[in-house]
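Lettering follows sequence order; numbering is per chain, from 1.
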Protein chains: 2
Amino acid sequence: MSLRHVLLGLLSENPGHGYGLRKRIVHRLGHFRNINEGQLYTQLAKMEKEGLIEREVVVPEKGPARKQLHITPKGKQAFLDWLRSDQYEDDGVLYDFMQGYTFFSKVNFFQHLEPEEARDKVRSQISQMKDKKKAYEEILLQMERRNADPFRIRILTFGLKELENRIEWLADLEGDLVRQQKEAV
Amino acid sequence: MSLRHVLLGLLSENPGHGYGLRKRIVHRLGHFRNINEGQLYTQLAKMEKEGLIEREVVVPEKGPARKQLHITPKGKQAFLDWLRSDQYEDDGVLYDFMQGYTFFSKVNFFQHLEPEEARDKVRSQISQMKDKKKAYEEILLQMERRNADPFRIRILTFGLKELENRIEWLADLEGDLVRQQKEAV
DNA sequence: ATGGGCATGTAAGCGGTTACATGATTAT
DNA sequence: ATAATCATGTAACCGCTTACATGCCCAT
């Protein structure tokens with residue numbers, strides 16, 4: 001999706017300053033480890049130079065100067081053009097689902113691991129995914145309570161289903177690995 | 001996962017030359033649009049300099065010279081270290097599932113689109129996903145026929161389930177958008 | 001003979017990460 | 001006091017993409 005389009009989208013909805021946008025991205029796209037400042041401010045500077053956004057320096061009586069960013073009509077148009085285009089709707093990767101769950105990249109090579117080693121990895125994943133599921137359920141509840149955007153609720157609902165599938169799949173895999181282990185004995 | 005680890009993994013299984021590795025990556029990771037040559041050969045050169053792989057120039061009577069690549073013990077160890085480590089098992093993104101299906105990045109902003117526009121996008125996605133599903137089913141059948149690595153079969157099975165979920169989810173979304181449209185009339 | 005597949009590379013550029021630097025405010 | 005959070009930036013680096021260059025072999 002590229003940072004640029006997220007920024008354009010968020011600023012289409014509400015103006016804001018850099019640091020605030022960072023938090024909104026974390027909230028919307030779910031990066032736990034802070035989004036990096038480097039790319040943020042450099043991208044914002046670039047977008048300003050291209051006339052997609054404008055900044056207005058706000059100096060409050062208290063607190064550091066904030067640079068309030070507003071989207072320009074040109075920026076709004078660029079955002080809408082991206083949204084309407086086919087761009088990013090097919091990334092040219094047949095097994096795109098693997099990118100969503102990087103653990104697959106290792107499972108792909110599990111034949112190189114002893115069954116117990118693989119099994120431990122799978123077990124650790126199961127507990128991680130269960131934690132994630134709880135986090136999703138809480139977020140979903142909050143979103144429903146505050147009548148959040150239905151499209152975003154839908155997306156989270158998909159995410160929850162996906163996690164359930166992952167857990168189920170991992171459990172099956174664990175079962176297989178345990179069976180393999182017993183056979184070896 | 002990074003190209004380096006895929007390369008190390010593939011060369012752990014069988015030696016090969018650059019062009020052949022490219023095809024194996026396409027086969028294994030499913031990049032339709034050719035994997036780019038740039039990164040491939042530069043990465044390979046880097047890995048050789050680091051002593052992870054060795055090359056042996058093979059000049060056949062016919063055809064261009066091939067540079068057969070072999071993994072070194074050091075390379076094999078680096079691969080196993082990666083496989084056993086926790087690296088890449090958690091990418092710090094809460095909504096990681098969104099990365100697997102880039103269409104979500106747009107749905108996130110569907111409130112900015114007219115219901116018919118959104119509906120058309122969803123319909124186009126449904127047909128794309130159905131095509132993908134057929135492709136997966138065929139690949140799975142082939143894998144089972146030639147007794148492919150069970151771990152990889154499992155991964156594909158997950159992918160198929162994922163596609164079914166996407167299609168179901170998209171159909172629900174379409175239904176909502178059609179309803180929204182009728183209400184507007 | 002022409003285009004497609006095999007085969008190996010180089011160069012420029014871009015988007016993103018890591019790490020560092022600075023300084024103010026707020027909470028404990 | 002001091003740690004955390006708010007806030008804005010710069011510099012070096014890295015992985016990957018895009019695009020180009022070269023040349024051989026094979027099928028139509």
Side-chain angles (χ1 to χ4, degrees), chain A residues 1-8 15-27 29 31-50 52-53 55-69 82 87-88 90-93 99 102 105, chain B residues 1-8 15-27 29 31-50 52-69 82 87-88 90-93 96 99 102 105:
Chain A
M1 146 148 86
S2 84
L3 182 58
R4 156 160 299 201
H5 297 118
V6 188
L7 254 17
L8 243 23
H17 59 281
Y19 191 83
L21 282 166
R22 192 167 79 172
K23 300 199 85 183
R24 282 159 76 186
I25 292 172
V26 171
H27 184 247
L29 285 318
H31 293 77
F32 357 113
R33 309 198 220 303
N34 259 344
I35 208 110
N36 71 100
E37 307 100 48
Q39 188 59 8
L40 218 204
Y41 289 103
T42 48
Q43 184 59 243
L44 249 18
K46 229 183 193 170
M47 284 161 72
E48 195 192 4
K49 227 168 77 182
E50 290 176 37
L52 302 173
I53 57 172
R55 71 178 67 197
E56 166 202 351
V57 181
V58 178
V59 187
E61 314 99 69
K62 281 206 170 187
R66 288 179 178 193
K67 285 157 192 184
Q68 194 72 7
L69 300 161
W82 162 73
Q87 243 188 305
Y88 298 95
D90 175 20
D91 62 358
V93 179
Q99 290 175 331
T102 49
S105 65
Chain B
M1 148 148 85
S2 85
L3 182 59
R4 156 161 298 203
H5 297 118
V6 188
L7 254 16
L8 244 22
H17 60 280
Y19 191 83
L21 283 166
R22 194 168 77 172
K23 300 198 85 183
R24 282 160 74 186
I25 291 173
V26 171
H27 185 245
L29 284 317
H31 294 77
F32 333 114
R33 310 200 218 303
N34 259 345
I35 208 107
N36 71 100
E37 307 99 49
Q39 188 58 7
L40 218 204
Y41 288 103
T42 48
Q43 184 60 243
L44 250 18
K46 229 181 192 171
M47 284 160 71
E48 195 192 4
K49 228 169 77 182
E50 289 175 39
L52 303 173
I53 58 172
E54 276 170 355
R55 71 180 66 195
E56 167 203 350
V57 182
V58 179
V59 186
E61 315 99 67
K62 281 208 169 185
R66 289 177 177 194
K67 285 154 192 185
Q68 195 71 6
L69 300 160
W82 163 73
Q87 242 187 305
Y88 298 94
D90 174 20
D91 62 358
V93 179
D96 54 2
Q99 291 175 332
T102 48
S105 65

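One interatomic measurement links the two molecules: CG of Leu7(B) to C1' of dC16(D), which rounds to 14 Å at whole-angstrom precision. Atom pair Tyr41(A):OH and dT18(C):C1' shows a separation of 16 Å (rounding to whole Å applied). We find that CG of Asp91(B) is positioned 14 Å from C1' of dG16(C), with the value rounded to whole Å. When the P atom of dT8(C) is taken as reference, atom NZ of Lys23(B) falls 13 Å away, rounded to whole Å. Rounded to whole Å, the distance from CG on Leu40(B) to P on dA11(C) is 18 Å. Between the CG atom of Leu44(B) and the P atom of dT10(C) there is a distance of 12 Å, given to the nearest Å. What separates CG of Leu21(A) from C1' of dC6(D) is a distance of 14 Å, to the nearest Å. Spacing between atom CD1 of Ile35(B) and atom C1' of dG5(C) amounts to 18 Å, rounded to whole angstrom units.
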Identify all pairs in which a protein N or O lies below 3.5 Å from an N or O of nucleotides 12-15 of chain C, and state each distance.
unit_1: dG15(C); atom_1: OP2; unit_2: Lys46(A); atom_2: NZ; d: 2.9

Check: protein-nucleotides 20-22 of chain D nitrogen or oxygen pairs below 3.5 Å:
unit_1: dC20(D); atom_1: N4; unit_2: Glu37(B); atom_2: OE1; d: 3.0

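Every residue two or more places apart in sequence or in another chain that forms a salt bridge (Lys or Arg N to Asp or Glu O under 4.0 Å) with Asp90(B) is listed here: Arg33(A). Evaluation of the side-chain hydrogen bond (donor to acceptor under 3.5 Å, both in side chains) rule for Gln43(A) yields Arg4(A) as partners, not counting sequence neighbours. In terms of the side-chain hydrogen bond (donor to acceptor under 3.5 Å, both in side chains) criterion, residue partners of Glu48(A) (sequence neighbours excluded) are, by chain and number, Arg55(A). By the salt bridge (Lys or Arg N to Asp or Glu O under 4.0 Å) test, Glu56(A) pairs with no residue at all, sequence neighbours left out. Among residues two or more places apart in sequence or in another chain, the ring pair (Phe, Tyr, Trp, His ring centres under 6.0 Å) test is passed with His5(B) by Trp82(B), Tyr88(B). In this structure Glu37(A) satisfies the side-chain hydrogen bond (donor to acceptor under 3.5 Å, both in side chains) test together with Arg22(A), sequence neighbours excluded. For Gln68(B), there are no side-chain hydrogen bond (donor to acceptor under 3.5 Å, both in side chains) partners two or more places apart in sequence or in a different chain.
Residue Tyr19(A) has its side chain nearest to dT8(D) when only dT8(C), dT8(D), dT18(D) are considered. Across dT18(C), dG9(D), dT18(D), the shortest atom-to-atom separation from the side chain of Asn36(A) is found for dT18(C).
Looking at heavy atoms from C-beta onward, Arg24(A) lies out of side-chain contact with Val6(A) at the 4.5 angstrom threshold.
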Steps toward side chain to side chain contact (heavy atoms under 4.5 Å, CB included) verdict (His31(A), Ile25(A))
CA-CA 7 Å; His31(A) 293 77; Ile25(A) 292 172; 4.3 Å; yes
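Toward the 5' end of DNA chain C, the nearer of the two residues Arg22(B) and Gly38(A), judged by each one's closest nucleotide, is Arg22(B).
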